[in-house]
Protein chains: 2
Amino acid sequence: MADTPLGEFEQVVLLAIFRLGENAYGVTIREEIAAHTDRDPSPGALYTTLARMEEKGLVKSRLGDPTPDRGGRAKRFVKITPSGLDAVARAQRSYQNLLRGISLPGLAHG
Amino acid sequence: MADTPLGEFEQVVLLAIFRLGENAYGVTIREEIAAHTDRDPSPGALYTTLARMEEKGLVKSRLGDPTPDRGGRAKRFVKITPSGLDAVARAQRSYQNLLRGISLPGLAHG
DNA sequence: GGGATTAGAACTACTATGTAGGACTAATGG
DNA sequence: CCATTAGTCCTACATAGTAGTTCTAATCCC
């Protein structure tokens, strides 16, 4: 299953997790996505996708310790697996490849 | 319906059409995708997606003249609409935005 | 110390997108 | 006029995207 084609939203979630590093869990991932894209996914949308990706081995999760806060329930921290990292890189590469030589009107190069 | 979030494959198809310019129709689009990505979509996969995108106003199609070839059936040429172009550009931008500041292991920059 | 309150996760249900394979169609050529 | 061929379209199903709601476990306050 090394060549699972990543879905659009899966990629967005993976990248958000990547950015967050050690502090990636449901709530922060959602915030990160909202901050860096035009999306604002519902909790359900995120957790469902997270669960599916874990099934496919793209991410791994571990339950953290409860924080000393009101409602400080234990967070489920998420981390990208090597296989997940590979999948993002691969997706990026083929995307980049398709873009090669194209200049899209209305899109700034960078 | 200006903010339709483009799917992964939709984007690939759109970009292929863009590259092909005036000569974009079923067969050539399929070849273009096969040549520039790791995918090799079946005819059905492509035509279905094309039909859906036309419904959403992302592409427009017109029937060409039959070519004087054996089996030279009339081709259905496809063109990206302004709204389609906008959708790709938007998708690109938010993708780029999410990538900002990230350096992915195993992915060459460029 | 037990119910109100709250952060956070998980379930259910549904829609949309991705995908294949084969049927259909319209043209030529012998 | 039927075999052959380029090309399109139909049918059916798998997978990804999405929302809303409910469940859970922890503090806070009286």
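For clarity, every value in this text was computed on a predicted model and none was experimentally measured. Because only heavy atoms are used, hydrogens play no part in the values below, and waters and symmetry mates are left out as well, while side chains stay in. Quick note on labels: first sequence line is chain A, next is B, and so on, each numbered from 1.
For B:Ile29 and D:dA6, the CD1 to C1' distance is 15 Å, given to the nearest whole Å. Going from atom CD of A:Glu55 over to atom P of D:dT15 covers 11 Å, rounded to whole Å. Rounding to whole angstrom units, CG of residue A:Leu6 and C1' of C:dT17 are separated by 15 Å. As a whole-Å value, the separation of B:Glu10 CD from D:dG17 P is 12 Å. The CE-P distance, from B:Met53 to C:dA16, rounds to 17 Å in whole Å. For the pair A:Leu50 CG and C:dA9 P, the interatomic distance rounds to 9 Å; values are reported in whole Å. One atom, CG of A:Leu58, and another, P of D:dT15, lie 14 Å apart when rounded to the nearest Å. Counting to the nearest Å, the P atom of D:dA25 and the CG atom of A:Leu63 are 10 Å from each other.
When the side-chain nitrogen and oxygen atoms of B:Tyr25 are compared with OP1 and OP2 of D:dG7, one or more of them lie within a distance under 4.0 Å. A close approach under 4.0 Å does occur between a side-chain nitrogen or oxygen of A:Lys56 and OP1 or OP2 of D:dA16. The side chain of A:Tyr47 places no N or O atom within less than 4.0 Å of a non-bridging phosphate oxygen (OP1 or OP2) of C:dC11. Using a 4.0 Å cut-off, no side-chain N or O of A:Lys75 falls inside it from OP1 or OP2 of D:dA26.
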Apply the test side-chain contact (heavy atoms from CB on, under 4.5 Å) to residues B:Leu14 and B:Val59: give CA-CA distance (whole Å), side-chain angles for both, the deciding distance (0.1 Å), then the verdict. CA-CA 8 Å; B:Leu14 243 16; B:Val59 299; 3.5 Å; yes
Set out, in order, the CA-CA distance, both residues' side-chain angles and the distance that settles side-chain contact (heavy atoms from CB on, under 4.5 Å) for A:Val88 and A:Gln92, then state yes or no. CA-CA 6 Å; A:Val88 190; A:Gln92 296 263 354; 4.2 Å; yes
Output, in order, the C-alpha distance, side-chain angles, deciding distance and verdict of side-chain contact (heavy atoms from CB on, under 4.5 Å) for B:Asp86 and B:Arg90. CA-CA 6 Å; B:Asp86 193 61; B:Arg90 185 198 321 273; 2.6 Å; yes
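Both B:Phe77 and A:Glu8 lie near DNA chain D, and the one whose nearest nucleotide falls closer to the 5' end is B:Phe77.
Closest of all the heavy-atom pairs between A:Gly57 and A:Thr81 is O-OG1, 2.6 Å. Closest approach of A:His36 to B:Asn97, counting heavy atoms only: O-ND2, 2.9 Å.
Evaluation of the ring pair (Phe, Tyr, Trp, His ring centres under 6.0 Å) rule for B:Phe77 yields B:Tyr25 as partners, not counting sequence neighbours.
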Side chains of residues 38-53 of chain A: which donor-acceptor partners sit under 3.5 Å, not counting sequence neighbours?
unit_1: A:Ser42; atom_1: OG; unit_2: A:Ala45; atom_2: N; d: 3.2
unit_1: A:Thr48; atom_1: OG1; unit_2: A:Gly44; atom_2: O; d: 2.6
unit_1: A:Thr49; atom_1: OG1; unit_2: A:Ala45; atom_2: O; d: 3.2

Tabulate below the donor-acceptor pairs under 3.5 Å that side-chain atoms of residues 61-68 of chain B make, not counting sequence neighbours, or state none.
unit_1: B:Ser61; atom_1: OG; unit_2: B:Glu54; atom_2: OE1; d: 3.0
unit_1: B:Ser61; atom_1: OG; unit_2: B:Glu54; atom_2: OE2; d: 3.2
unit_1: B:Ser61; atom_1: OG; unit_2: B:Arg76; atom_2: NH1; d: 3.0
unit_1: B:Thr67; atom_1: OG1; unit_2: B:Lys75; atom_2: NZ; d: 3.4

Enumerate the protein-to-nucleotides 19-23 of chain C contacts in which both atoms are nitrogen or oxygen and the separation is below 3.5 Å.
unit_1: C:dT19; atom_1: OP2; unit_2: B:Arg39; atom_2: NH1; d: 2.7
unit_1: C:dA20; atom_1: OP2; unit_2: B:Ser42; atom_2: N; d: 2.9
unit_1: C:dA20; atom_1: N7; unit_2: B:Ser42; atom_2: OG; d: 3.2
unit_1: C:dA20; atom_1: N7; unit_2: B:Ala45; atom_2: N; d: 3.2
unit_1: C:dG21; atom_1: O6; unit_2: B:Gly44; atom_2: N; d: 3.1

Can you tabulate the close N/O pairs, meaning under 3.5 Å, that link protein atoms to atoms of nucleotides 27-30 of chain C?
unit_1: C:dT28; atom_1: O2; unit_2: B:Arg70; atom_2: NE; d: 3.4

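At distances below 3.5 Å, not a single donor-acceptor pair connects side-chain atoms of B:Ser83 with backbone N or O atoms of B:Leu58. Remark: side-chain polar atoms of B:Glu10 are paired, donor with acceptor, to backbone N or O of B:Gly7 under 3.5 angstrom.
Separating the CD atom in A:Glu8 from the CD atom in B:Glu8 is a distance of 5.5 Å, to the nearest 0.5 Å.
A:Ile29 is listed as a side-chain neighbour of A:Ile17, based on a closest heavy-atom distance under 4.5 Å.
In this structure, the helix from C:dG1-D:dC30 to C:dG30-D:dC1 shows an angle of 10° between the axis at its start and the axis at its end, each fitted on 5 base pairs and rounded to 10°.
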